[in-house]
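We count ligands from 1, going down the list as the structure has it; atoms in each ligand are counted the same way. Residue numbers run from 1 in the order of the sequence given. Every value quoted in this text rests on a predicted model; they were computed, and no experiment measured them.
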Amino acid sequence: MNPDSGPESRQKRYFVRTYGCQMNEHDSERIAGLLEADGLGVTNDLAQADVVVLNTCCIRENADNKLYGHLGGLKTLKDSRPDLQIVVSGCLAQKDEALIQTRAPFVDVVVGTHNVGRTVELLHEAKVAGPVMEILTESEAFPSALPVRRDLGWSAWVTIQIGCDNNCAFCIVPSVRGREISRPFDDVVAGVEALAGAGVVEVTLLGQNVNSYGRDLSMARRAAGESVAARPLFAELLRAVGAVEGIRRVRYTSPHPKDFRPETIAAMAETPAVCDHLHLPLQSGSDRTLAAMHRGYTAQRYLDKLAAARRAIPDLAVTTDIIVGFPGETEDDFERTLEVVAAGEYDSAYTFIYSPRTGTEAAERSQDFVPAEVVSDRFERLRIVVERSALARHEARVGRVEEVLVEGPSKKDSGVLTGRTGQNKLVHFVSPDPLAVGSFAEVRVTRAAPHHLRGELLEVTARPRHRTRIPVASL
Ligand code: SAH
Ligand code: SF4
Ligand code: F3S
């Protein structure tokens, strides 16, 4: 018998489930990287896992409910396998701290958003001492490089900023992610260079309000007596990242409309690697609602910035976020939203039903909450307006040749490949030969639908350079 096949020598496995936004996806990559550095291997099968991580979100209420539902299921698993360790991390852990331990005392580690890097140490501590909870209120500085396990060899998230200094009345993010801290400029560029060296061709710069990137860095330098020019650092960063050899696509999310500046538009227009896609969250088209949300812009100001971006970048795709049913939203307010959405001619929009989050300003206005049936009617009317413009924008692409980055077989039909255009649109197409993920190909668009395009392959323009097995790297 092979001595290596005994139960003691079986490699331990971890399973990570991620909720929420790209920040959390990236934090999950870091947690996975730390666990791999500790000798564990990944599994997609919960039944095989020795460590289960739920990296949570609390942006809307159903996110909370989902977590508590999943925890119920895990309790049964843990009862049958007491060695199983369960970690709850992320924004809901930060928000609900002790509540998780009260409602789910079998959870081994509760870790917040400011100390993801401690996950493995806390797991070791919990093995010896029982359940641990470590929630810090702030990150002291931008978290230093942590090992990362990326799922995609050709594409990577790059966090340029953590936290948020705004106070949108509906939003829980500032209270769970802390104040805005920017990652030093040279550090970001060096990180992207390292990624490019590993064969990454696409990077997405992440922050809650990327346009204010660097404000804290400049303030700290001024406070230290240096004369620092008031320059828009995010625009410079876009240019610097776009100039890194091997990086063919630069994306970023999200810019805040109030801080979206002409310099950023110019950097997008003049840096070929920066994709022709802008995600500019509108939230509402009513000035009254925008003011109550503390968004810092009017509908007209927003549309003017959008028009400026479209003038500078003629082939720009634009997407947005909209909240329906913010407290006090009247039929008239909502009609303004429909008008601005129609004028915005979006390629797609993420539409959300307002969800009160305890501790936020808007959640206090319960007397102004919009009745559920009114909200769902508005939500449906908004969906129709968004789909109309999305379909029109997509139909306008039919007949055009687009460069796509191949992402793999389509989810619905494994005989069909899926790629993404610079505008961030999914294109499904058939290839006579298998095409490696991470390849670039030219595709002629043949059909349009509201959420994707169909096309035919013309030629493969570049093969991937990344390794298929992605090692854990400190980036
Ligand atoms: N920092 C980003 C937003 C991050 S949250 C920005 O300002 O653009 C992503 C989206 O979730 C928001 O744009 C908003 O549309 C939605 N959202 C946030 N809080 C919400 C709430 N309480 N109810 C409904 N939607 C919400
Ligand atoms: Fe939330 Fe507003 Fe900050 Fe975005 S900018 S994370 S919506 S507070
Ligand atoms: Fe993201 Fe959800 Fe937190 S949207 S920042 S994971 S609350």
query: Can you find a heavy atom in the side chain of Asp96 that is under 4.5 Å from one in the side chain of Tyr68?
result: yes

task: Using distance alone, decide if ligand 1 has a nitrogen or oxygen within less than 3.5 Å of any nitrogen or oxygen in Tyr354.
output: no

- request: Tell me, yes or no, whether the heavy-atom count around Glu61 atom CD, taken from other residues, nucleotides or ligands under 6.0 Å, exceeds 12.
  value: no

message: Over 60° means perpendicular and under 30° means parallel, so tell me whether Tyr252 and Phe234 are parallel, tilted or perpendicular.
response: perpendicular

task: Check if Gln22 has a non-hydrogen atom at a distance under 4.0 Å from any atom of ligand 3.
output: no

Atoms of ligand 3 close to Gln208 [distance to a heavy atom under 4.0 angstrom, numbered from 1]: 5 (S)

- prompt: Counting only protein atoms, how many N/O/S atoms are less than 2.8 Å away from atom 3 (Fe) of ligand 3?
  reply: 1

query: Judged by non-hydrogen atoms, does Arg177 sit under 4.0 Å from ligand 2?
result: no

Any side-chain donor near an acceptor of the partner, Ser212 and Asp165, under 3.5 Å: no

- prompt: Is Arg239 paired with Glu263 through a side-chain N to carboxylate O contact shorter than 4.0 Å?
  reply: no

query: Are Ser182 and Asp216 close enough that a side-chain donor and a side-chain acceptor fall under 3.5 Å?
result: yes

message: Under 4.0 Å, heavy-atom basis, I'd like to know which part of Ile323 is in contact with ligand 1: side chain, backbone, both or neither.
response: side chain

- line: For Pro184 and Leu217 the tightest heavy-atom approach is CA-CD1, 4.0 Å

- request: Assess the side chains of Asp259 and Asn209: does a donor N or O sit below 3.5 Å from an acceptor N or O?
  value: yes

- prompt: Among Arg150, Arg251, Arg248, which residue meets the salt bridge (charged side-chain N to carboxylate O under 4.0 Å, His left out) test with Glu202?
  reply: Arg251

field: Pairwise side-chain contact, Val341 with Ser389, heavy-atom cut-off 4.5 Å (strictly under)
entry: no

- prompt: Do any heavy atoms of Ile353 fall under 4.0 Å from ligand 1?
  reply: yes

Any donor-acceptor N or O pair under 3.5 Å, side chains Glu134, Asn115: yes

message: At under 4.0 Å between heavy atoms, is it the side chain or the backbone of Phe170 that contacts ligand 1, or both, or neither?
response: both

Check against side-chain contact (heavy atoms from CB on, under 4.5 Å), Ile181 and Ser139: CA-CA 8 Å; Ile181 303 178; Ser139 302; 4.2 Å; yes

- prompt: To which protein heavy atom is atom 7 (O) of ligand 1 closest, and what is the distance rounded to 0.1 Å?
  reply: Arg295 NH1, 3.5 Å

message: Can a side-chain donor-acceptor contact be found between His277 and Thr319 if the only test is distance below 3.5 angstrom?
response: yes

message: Under a 3.5 Å cutoff, is there a donor and acceptor pairing between the side chains of Thr253 and Gln22?
response: no

- request: If the plane angle is over 60° it's perpendicular, under 30° parallel, otherwise tilted; pick one for His256 and Tyr297.
  value: perpendicular

query: Of the backbone atoms (N, CA, C, O) and the side-chain heavy atoms from C-beta on, which set of Met293 has a member under 4.0 Å from an atom of ligand 1: side chain, backbone, both, or neither?
result: neither

message: One thing to verify: whether Asp304 and Arg301 come together as a salt bridge, which I'm taking to mean a side-chain N less than 4.0 angstrom from a carboxylate O.
response: no

- line: Shell check on atom 3 (Fe) of ligand 2: protein N, O or S atoms less than 2.8 Å away are Cys164 SG

query: Which option, Gln208, Arg177, Glu61, Gln22, owns the non-hydrogen atom nearest atom 6 (C) of ligand 1?
result: Gln208

- prompt: Arg295 heavy atoms, cut-off 4.0 Å: which ligand 2 atoms fall inside?
  reply: 2 (Fe), 7 (S)

message: If only side-chain N and O atoms count, and only distance matters, is there a donor-acceptor pair under 3.5 Å linking Glu121 with His124?
response: no

message: His256 versus ligand 1: do any nitrogen or oxygen atoms come within less than 3.5 Å of each other?
response: no

Nearest option to atom 13 (O) of ligand 1, as decided by whichever heavy atom of Ile59, Asn166, Asp321 sits closest: Asp321

message: Tell me the contacting part of Ser355 for ligand 1: side chain, backbone, both, or neither, using a 4.0 Å heavy-atom threshold, strictly below.
response: both

- line: Going by the 4.0 angstrom heavy-atom rule, the piece of Asn209 near ligand 1 is neither

- prompt: Of all the atoms in ligand 2, which lie at a distance below 4.0 Å from a heavy atom belonging to Phe170?
  reply: 7 (S)

